[in-house]
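All figures in this text were calculated on a predicted structure; none of them were measured in a lab.
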Amino acid sequence: MIDETATAEQRTIIEAPEDRFLVNAAAGAGKTRVLVERYMRHVLHDGFRPDQILTITFTKRAAYEMKRRIVGRLREEGRLEDAQIAETGPIQTIHSFCERMLRENSLEAGIDPKFTILGDPDKLKLFDDALSRALGHVPLRSPEARALVDFLAGKRVFRGRPEMHARISEAVNSVLDALRGSLWTPAALAPFYTDAQTYRRYSQGRIIEALDPSIRVLVGSEGTFEESVNQAYRGAKAGRPSWLGLAVDEEECTIHTCGLMHLSLAVWQDVEDEMDASQNFDFNAMEAKAVRLLEVSPTT
C-alpha cells in the first residue's frame with residue numbers, strides 16, 4: 001500500500017493520472033519520497049514489473065538512494081522477487097542508462113559493445129587537436145572564419161598565437177556545449193551558415209518569428225533590418241525588448257558569428273569521426289547515439 005504518512009499534497013502527486021508533470025519543490029521537501037511512492041503505485045496498483053519502469057536521476061548518489069528506497073519499500077510490501085529485479089533494474093543516471101542501452105543493443109546502434117568512455121583529459125586533447133586541424137584549413141576556404149581569426153590576431157591581447165588559440169577554443173567549446181546536447185547534427189546545421197549572407201537571412205527570420213504577432217506584421221523591408229524592426233516598435237508604440245538589442249547583429253558581428261560556426265561545425269564533425277573510429281565516446285556522444293537508436297528502433 002502507498003505510504004499513509006504522505007501529506008495530502010504529496011498524495012495528489014503520487015496518485016496523479018497524468019503521464020507527464022513537473023514536481024517543483026525545495027530541497028528536503030520530499031521529492032524523492034514522492035517519486036518512490038509513485039514508483040510503488042505503478043508496481044502495486046498498475047501491475048508493472050520493476051524492469052518495465054525506467055527511473056532516471058541526475059547523479060550516481062541520487063540513483064543509489066532512489067534504488068535503496070525502492071528496494072526497501074518493495075521488501076516491506078513482501079514483493080521479494082520484485083525487489084530483486086529492482087536491484088538490477090533501470091534505476092540509474094541518464095548516462096548510465098544510455099551506456100547500458102548502447103552496450104545491450106550495439107548491433108542496432110552500429111558500435112562496438114566494448115566501447116570506452118572518454119575521460120576529461122583525453123576529451124580535452126581530442127577537442128584541442130580537432131581545433132588545431134580546423135584552424136589549419138577552415139579559414140582557407142571560409143572568408144568569415146578568416147575574418148574572425150584576423151580580428152582576434154589583431155587585438156592586442158590576442159597578438160600571440162597561444163592566447164588567440166585559447167580564446168577561439170573557449171568560444172568553440174561554448175558553442176559545442178550548447179549544440180551537442182541538442183538533436184542537431186553538423187550536417188543539419190551547416191546549410192544555415194553557408195556564408196554570412198545566408199546566416200543573416202536565417203537569423204533575421206528567427207528574430208521575426210520570436211516577435212509578438214502585433215509587431216511582426218509591422219516589420220517592413222525598407223532600410224536595414226534593425227531600422228525596420230525599430231520602426232515596427234515605434235508604429236506599435238511599444239518598447240523594444242532588451243534581448244532584441246543583442247539579437248540584431250551588426251555586419252561585422254554577423255561575419256564573425258558565421259566564421260565561429262564554420263570552425264565549430266568542423267571541430268564537431270572531426271571529433272565525431274575520431275570517436276567513431278576509436279570507439280571512445282564522451283557523454284554527449286552516448287546521449288546522441290542513444291536517442292538515434294530509439295528513433296530508428298522504438299522497441300529497443
Side-chain angles (χ1 to χ4, degrees), residues 1-109 111-119 181 183 281-300:
M1 60 185 296
I2 301 301
D3 188 352
E4 294 295 336
T5 64
T7 67
E9 187 177 19
Q10 289 172 339
R11 290 189 69 87
T12 298
I13 299 171
I14 292 168
E15 299 170 357
E18 291 83 4
D19 291 333
R20 298 181 182 184
F21 56 90
L22 172 67
V23 179
N24 185 14
K31 293 188 295 297
T32 300
R33 179 187 184 186
V34 165
L35 292 175
V36 168
E37 291 306 315
R38 188 167 177 84
Y39 185 106
M40 292 299 297
R41 173 178 167 243
H42 287 315
V43 173
L44 300 177
H45 295 274
D46 300 334
F48 287 101
R49 300 189 314 271
D51 58 355
Q52 294 177 309
I53 304 173
L54 175 60
T55 307
I56 294 292
T57 65
F58 287 100
T59 67
K60 291 182 179 180
R61 180 178 179 180
Y64 169 79
E65 179 62 19
M66 182 77 75
K67 180 171 292 189
R68 185 186 70 79
R69 294 195 194 187
I70 287 173
V71 171
R73 286 286 288 115
L74 288 169
R75 286 173 177 164
E76 287 175 7
E77 295 292 334
R79 308 290 287 259
L80 300 185
E81 184 177 349
D82 283 336
Q84 186 174 4
I85 295 173
E87 285 274 16
T88 57
I91 305 174
Q92 54 206 148
T93 65
I94 183 63
H95 294 138
S96 295
F97 168 68
C98 291
E99 179 185 356
R100 178 176 178 171
M101 183 170 63
L102 291 172
R103 292 195 192 280
E104 292 178 352
N105 301 274
S106 57
L107 182 62
E108 292 88 342
I111 60 177
D112 187 335
K114 297 181 180 179
F115 69 84
T116 56
I117 301 174
L118 281 171
L183 298 180
F281 307 118
D282 68 352
F283 289 144
N284 281 121
M286 283 200 306
E287 287 181 11
K289 290 181 182 299
V291 169
R292 284 196 289 269
L293 175 61
L294 291 173
E295 288 176 338
V296 301
S297 182
T299 58
T300 292

State, with a plain yes or no, whether a side-chain heavy atom of [X] is found less than 4.5 Å away from one of [Y].
{"X": "Met101", "Y": "Leu294", "answer": "yes"}
{"X": "Tyr64", "Y": "Lys60", "answer": "no"}
{"X": "Leu102", "Y": "Phe281", "answer": "no"}
{"X": "Met286", "Y": "Phe115", "answer": "yes"}

After noting the C-alpha distance and the side-chain angles of Glu37 and Arg33, does the key distance pass the salt bridge (Lys or Arg N to Asp or Glu O under 4.0 Å) rule?
-> CA-CA 6 Å; Glu37 291 306 315; Arg33 179 187 184 186; 5.7 Å; no
N/O donor-acceptor pair under 3.5 Å between [X] side chain and [Y] backbone:
{"X": "Arg41", "Y": "Asp46", "value": "no"}
{"X": "Arg73", "Y": "Tyr39", "value": "no"}
{"X": "Lys31", "Y": "Ala26", "value": "yes"}
{"X": "Arg79", "Y": "Leu74", "value": "no"}
{"X": "Gln52", "Y": "Arg49", "value": "yes"}
{"X": "Asn105", "Y": "Glu108", "value": "no"}

Kindly compute the distance separating [atom1] ([X]) from [atom2] ([Y]), expressed to the nearest 0.5 Å.
{"X": "Glu15", "Y": "Arg38", "atom1": "CD", "atom2": "CZ", "answer": "9.5 Å"}
{"X": "Lys67", "Y": "Thr88", "atom1": "NZ", "atom2": "OG1", "answer": "7.0 Å"}
{"X": "Ile56", "Y": "Leu54", "atom1": "CD1", "atom2": "CG", "answer": "4.0 Å"}

With a 4.0 Å cut-off, would you call [X] and [Y] a salt bridge?
{"X": "Glu295", "Y": "Arg292", "result": "no"}
{"X": "Glu87", "Y": "Arg75", "result": "yes"}
{"X": "Arg69", "Y": "Glu65", "result": "yes"}

Assess whether side chain to side chain contact (heavy atoms under 4.5 Å, CB included) is satisfied between Glu77 and Asp82, documenting all intermediate values.
-> CA-CA 10 Å; Glu77 295 292 334; Asp82 283 336; over 6 Å; no
What are the two closest heavy atoms between [X] and [Y], and how far apart are they?
{"X": "Pro90", "Y": "Asp51", "result": "CD-CA, 4.1 Å"}
{"X": "Glu287", "Y": "Cys98", "result": "CA-SG, 4.0 Å"}
{"X": "Lys289", "Y": "Ile111", "result": "CD-CG2, 4.2 Å"}

Residue pairs passing the ring-ring contact (aromatic ring centres under 6.0 Å, His included) test where at least one lies in residues 66-106, sequence neighbours excluded |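 Checked against ring-ring contact (aromatic ring centres under 6.0 Å, His included) - neighbours excluded - the pairs reaching residues 66-106 are His95-Phe283.
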Which residues pass the side chain to side chain donor-acceptor pair (under 3.5 Å) test with Thr57, sequence neighbours left out?
->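 Here no residue qualifies.
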Only counting residues at least two apart or in another chain, list the ones meeting side chain to side chain donor-acceptor pair (under 3.5 Å) with Asp112.
->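 Testing Asp112 for side chain to side chain donor-acceptor pair (under 3.5 Å), a comparison that skips the adjacent residues, returns none.
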Please say whether more than 12 non-hydrogen atoms of neighbouring residues, nucleotides or ligands are located less than 6.0 Å from CD in Glu104.
->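 Counting other residues, nucleotides and ligands, CD of Glu104 exceeds 12 neighbours.
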I would like to know whether Ile70 and Ile91 meet side chain to side chain contact (heavy atoms under 4.5 Å, CB included); could you show each step before the answer?
-> CA-CA 9 Å; Ile70 287 173; Ile91 305 174; 3.8 Å; yes
